[in-house]
Amino acid sequence: MVKNVGPAGLERIELHRLMERVGRLFSVLQEAAQEQLPAIAGAWVPPVDVCETAGAVCLRIELPGVTASQIKIGLSSNKVRIYGEKKKRNPRQRIVSHLCSERSYGHFNRVVPVRWTISLTEAKAELINGMLLINLPKIKDRRGSELRVPITETESI
């Protein structure tokens with residue numbers, strides 16, 4: 001049995017849906033803000049560019065002075081985590097004092113939320129001149145596409 005809902009009922013349903021969406025958006029924003037804060041003293045957060053093409057999502061992370069062995073990448077269906085440590089080089093000559101030091105050293109951590117359906121097994125990363133390039137191929141979304149089901153005809157006995 002289908003219950004008839006009047007205009008006031010539809011408004012109430014739409015208001016409830018809007019409240020759920022705003023709640024989810026607030027949760028995502030709160031989660032992103034917490035992930036941006038360095039958790040460890042001396043930690044820093046590298047800048048990231050996120051680009052989308054027709055077939056992939058590309059991340060570009062600036063990591064100057066970091067080698068591939070110092071970087072770790074964790075990938076799940078809804079986020080990419082880039083973390084590691086940039087170590088300070090030992091100076092060859094003794095420095096009495098620094099007049100200015102603006103470069104960041106120590107642990108770094110960056111979490112980038114992924115809102116696309118991506119292939120975890122086909123992801124690739126490459127470090128070129130201090131720029132980490134991560135390519136996340138998209139999985140073709142099959143929702144809304146029509147599939148044809150073959151019908152076989154049998155004669156009744």
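Because only heavy atoms are used, hydrogens play no part in the values below, and waters and symmetry mates are left out as well, while side chains stay in.
- Under the 4.0 Å criterion applied to side-chain N and carboxylate O atoms, Arg17 and Glu14 are assigned as salt-bridge partners.
- Considering only residues two or more places apart in sequence or on other chains, Ser76 meets the side-chain hydrogen bond (donor to acceptor under 3.5 Å, both in side chains) condition with Asn78.
- Between Pro137 and Ala56 the shortest heavy-atom distance is CA-CB, 3.9 Å.
- Taking the side chain as every heavy atom from C-beta outward, Arg12 and His16 never approach each other to under 4.5 Å.
- Separation of atoms CG (Asn135) and SG (Cys58) is listed at 4.5 Å; rounding is to 0.5 Å.
- When the side chains of ILVMFWY residues are joined at heavy-atom separations under 4.5 Å, either directly or via intervening members, Leu136 and Tyr83 end up in two distinct hydrophobic clusters.
- The CD1 atom of Ile13 lies 14.0 Å from the CG atom of Leu18; values are rounded to the nearest 0.5 Å.
- With sequence neighbours left out, Ile73 forms a side-chain contact (heavy atoms from CB on, under 4.5 Å) with Ile71, Val80, Ala125, Leu132, Ile134.
- Counting heavy atoms from C-beta outward, His107 and Asn109 have side chains that stay 4.5 Å or more apart.
- In the hydrophobic clustering (ILVMFWY side chains linked at under 4.5 Å, chained through shared members), Met131 is joined by Ile128, Leu133.
- Scored by the side-chain hydrogen bond (donor to acceptor under 3.5 Å, both in side chains) test, Arg60 finds no partners at all (sequence neighbours excluded).
- Within the 3.5 Å criterion, the main-chain N or O of Pro64 finds a donor-acceptor partner in the side chain of Lys86.
- Looking at residues two or more places apart in sequence or on another chain, you find no side-chain hydrogen bond (donor to acceptor under 3.5 Å, both in side chains) involving Arg21.
- Interatomic distance, OG1 of Thr117 versus CD1 of Ile139, reported as 6.5 Å (0.5 Å rounding).
- For Lys138, the side-chain contact (heavy atoms from CB on, under 4.5 Å) test picks out Glu52, Val57, Trp116, with sequence neighbours left out.
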How far apart are the C-alpha atoms of Val112 and Ile61, what are their side-chain angles, what is the distance that settles it, and do they pass the side-chain contact (heavy atoms from CB on, under 4.5 Å) test?
-> CA-CA 11 Å; Val112 180; Ile61 303 100; 6.0 Å; no
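- Atom CD of Gln70 is separated from atom CG of Leu127 by 10.0 Å, given to the nearest 0.5 angstrom.
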